[in-house]
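Here the structure comes first, spelled out in structure tokens, and everything after it is commentary.
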Amino acid sequence: MAKPQKIRVAVNGYGVIGKRVAAAVVSQPDMSLEGVSDVVTDWRAQIVLRNGFRLFGATAESAKEMRDAGLETAGILDDLLGQADVVVDCTPKRIAAKNVETYRRRGIKFIVQGGEKHAVTGHSFVAECNYASAIGRDATRVVSCNTTSVVRTLTALKRAGLLQRARGTLLRRATDPWESHESGIMNTLVPEPEIPSHQGPDAQTVDPELDVVTMAVKVPETLAHLHYWSVQLTRKVSKDEVLDAFRRSSRIALINLTDGLVALNSVKELMADRGRPHANLYEVALWADMLRVQNDELFYAYMVDNQAIVIPETIDAIRALSGEVRDGSESIARTNAALGIEPSLVHARVDEPLHR
Ligand SMILES: NC(=O)c1ccc[n+]([C@@H]2O[C@H](COP(=O)([O-])OP(=O)(O)OC[C@H]3O[C@@H](n4cnc5c(N)ncnc54)[C@H](O)[C@@H]3O)[C@@H](O)[C@H]2O)c1
């Protein structure tokens, strides 16, 4: 029997998200990374080659600059697009919207990231919520890190029949670690000027039924975001019932302060010790022992690794667009297995099956 064809993937933009997407694609047995395209010529381009990936210039001009800098290039983005089934655009905010014209002209399926608007693709994606509606589409948008976490957690509550409405306050990291010499804030907190902040309405582009309002503040650190949520439940429930609802999502990891996971940096350190690439925390890390239920109201807090949370979603989005895997839970299981997403972040084994 002929071996099934792998889904051929191109990554345009090898920055914070692009480099993680490229590594995640390589780890999937049913995908191949055809190459990476960018505009830079410094260590960031050199590492593409060192990692064994083919490097393409985004334009003829950038390919020439790369060659002038002594970098071995395999051509330009247009060449790469001719060799791939799906392109994942990980260029900075609003550049992807311009690239879309090229993708459409070439007839290649494409994924944009959360810096772009919903209208760019007309479809916004979170695997556990709406995988099915992305199957076979030409394009989708993997929503931002914060929005991904909001949809994952509220979908878990909704599926258990517990969600009435949710109100969240988001403490947002000021900048990414590798860029912290260039921007970021110190010794202050900067409130977002509008309520609701954009993440609530953005979550509704994935699930219009969600009754959700978000408020946000920028905080002077770079590791991750921290969310505080207050949820009106549909009825009085026990804490166990709520925890069980969250446990049914494989991409929400329940953590405990009593395990020493008392802050964002301790969770990140745990991910490094587990040997995750870039110390990636792909899951929403939600404090189970802190979570409180008061009659029909629920209160909880969680951590979002903004650099990592959208990586498994992007891998599932590739499978959905390709149409190769029609069952969302099958794709999620494959992605989880390849990325090392397991029932517990801390414990080596869990006796109870947590994901049902
Ligand atoms: N950084 C995060 O935490 C985060 C989280 C979720 C989603 N996102 C979204 O992911 C997307 C990418 O963000 P990022 O943080 O990875 O950006 P980044 O600045 O870290 O990386 C962008 C990469 O694209 C390259 N690039 C610039 N112009 C290009 C062009 N014309 N053609 C090809 N490559 C080009 C840059 O050289 C860089 O390597 C954005 O939509 C962003 O909103 C970012």
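Along the sequence shown, residues are numbered consecutively beginning with 1. Counting starts at 1 for both ligands and their atoms, in listed order. Just so you know, these numbers come straight off a predicted model, no measurement behind them.
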**Message:** Would L55 and L71 count as a side chain to side chain contact (heavy atoms under 4.5 Å, CB included) here? Give the steps.
**Reply:** CA-CA 8 Å; L55 176 67; L71 295 157; 4.2 Å; yes

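- Listed by atom number, the atoms of ligand 1 under 4.0 Å from C90 heavy atoms are 12 (C), 22 (C), 23 (C), 24 (O).
- With a 4.0 Å heavy-atom cut-off, ligand 1 is reached by no atom of V112.
- Using a 4.0 Å cut-off between charged side-chain N and carboxylate O, E342 and R274 make a salt bridge.
- Ring pair W229/Y300 is parallel by interplanar angle, where below 30° counts as parallel and above 60° as perpendicular.
- Within ligand 1, counting atoms from 1 as listed, the ones closer than 4.0 Å to a heavy atom of Y14 are 23 (C), 39 (O).
- Nearest non-hydrogen protein atom to atom 4 (C) of ligand 1 is I17 CD1, 3.6 Å.
- In this structure, of V11, T147, D38, the residue bringing a heavy atom nearest to atom 38 (C) of ligand 1 is D38.
- At a heavy-atom cutoff of 4.0 Å, ligand 1 is contacted by no atom of K19, backbone or side chain.
- At a 4.0 Å heavy-atom cut-off, ligand 1 touches A58 through the side chain alone.
- Summary of contacts: the protein heavy atom closest to atom 27 (C) of ligand 1 is P92 CD, 3.4 Å.
- With a 4.0 Å heavy-atom cut-off, ligand 1 is reached by no atom of N99.
- The distance criterion of under 3.5 Å between nitrogen or oxygen atoms is met by V16 with respect to ligand 1.
- The distance from ligand 1 to the heavy atoms of R173 drops below 4.0 Å at these ligand atoms: 1 (N), 2 (C), 3 (O).
- Nearest protein neighbour of atom 9 (C) of ligand 1, counting heavy atoms only, is Q113 CB, 3.7 Å.
- The pair R334-D316 fails the salt-bridge criterion, with no side-chain N (NZ, NE, NH1 or NH2) lying under 4.0 Å from an Asp/Glu carboxylate O.
- Of all atoms in ligand 1, numbered sequentially from 1 with element shown, those under 4.0 Å from a heavy atom of D176 are 1 (N), 2 (C), 3 (O), 15 (O).
- Here is the list of ligand 1 atoms found below 4.0 Å of a heavy atom in I95: 28 (N), 31 (N).
- Taking a distance limit of 4.0 Å, we find that atom 17 (O) of ligand 1 is approached by no protein heavy atom.
- Across all their heavy atoms, I255 and A285 have their closest contact at CD1-CB, 3.9 Å.
- Short contacts between ligand 1 and V39, defined as distances under 4.0 Å to a heavy atom of the residue, involve ligand atoms 26 (N), 27 (C), 28 (N), 29 (C), 30 (C), 32 (N), 35 (C), 37 (O).
- Of the residues T205, T214, D202, the one that meets the side-chain contact (heavy atoms from CB on, under 4.5 Å) test with T147 is D202.
- In this structure, the protein non-hydrogen atom closest to atom 21 (O) of ligand 1 is G15 CA, 3.2 Å.
- Nearest protein neighbour of atom 34 (N) of ligand 1, counting heavy atoms only, is T91 CG2, 3.5 Å.
- Which parts of ligand 1 touch V40 is read off a 4.0 Å heavy-atom cut-off, strictly below it: atoms 37 (O).
- Screening Q199, R165, R167 against V213 for a side-chain contact (heavy atoms from CB on, under 4.5 Å) leaves a single residue, R167.
- Ring-plane geometry between W178 and W43 is classed as perpendicular, the angle between the planes exceeding 60 degrees on a 0 to 90 degree scale with a lower cut at 30.
- Remark: minimum distance from atom 5 (C) of ligand 1 to any protein heavy atom is reached at N306 O, 3.1 Å.
- With E283 as the partner, the salt bridge (charged side-chain N to carboxylate O under 4.0 Å, His left out) test is satisfied by one option alone out of R276, R251, R152: R276.
- Ionic pairing of R67 and E61 is not present here: no N-O contact between side-chain nitrogen and carboxylate oxygen is shorter than 4.0 angstrom.
- Nearest protein heavy-atom neighbour of atom 33 (C) of ligand 1: N12 OD1, 3.2 Å.
- At the shortest separation from atom 42 (C) of ligand 1 among protein heavy atoms lies G115 N, 3.9 Å.
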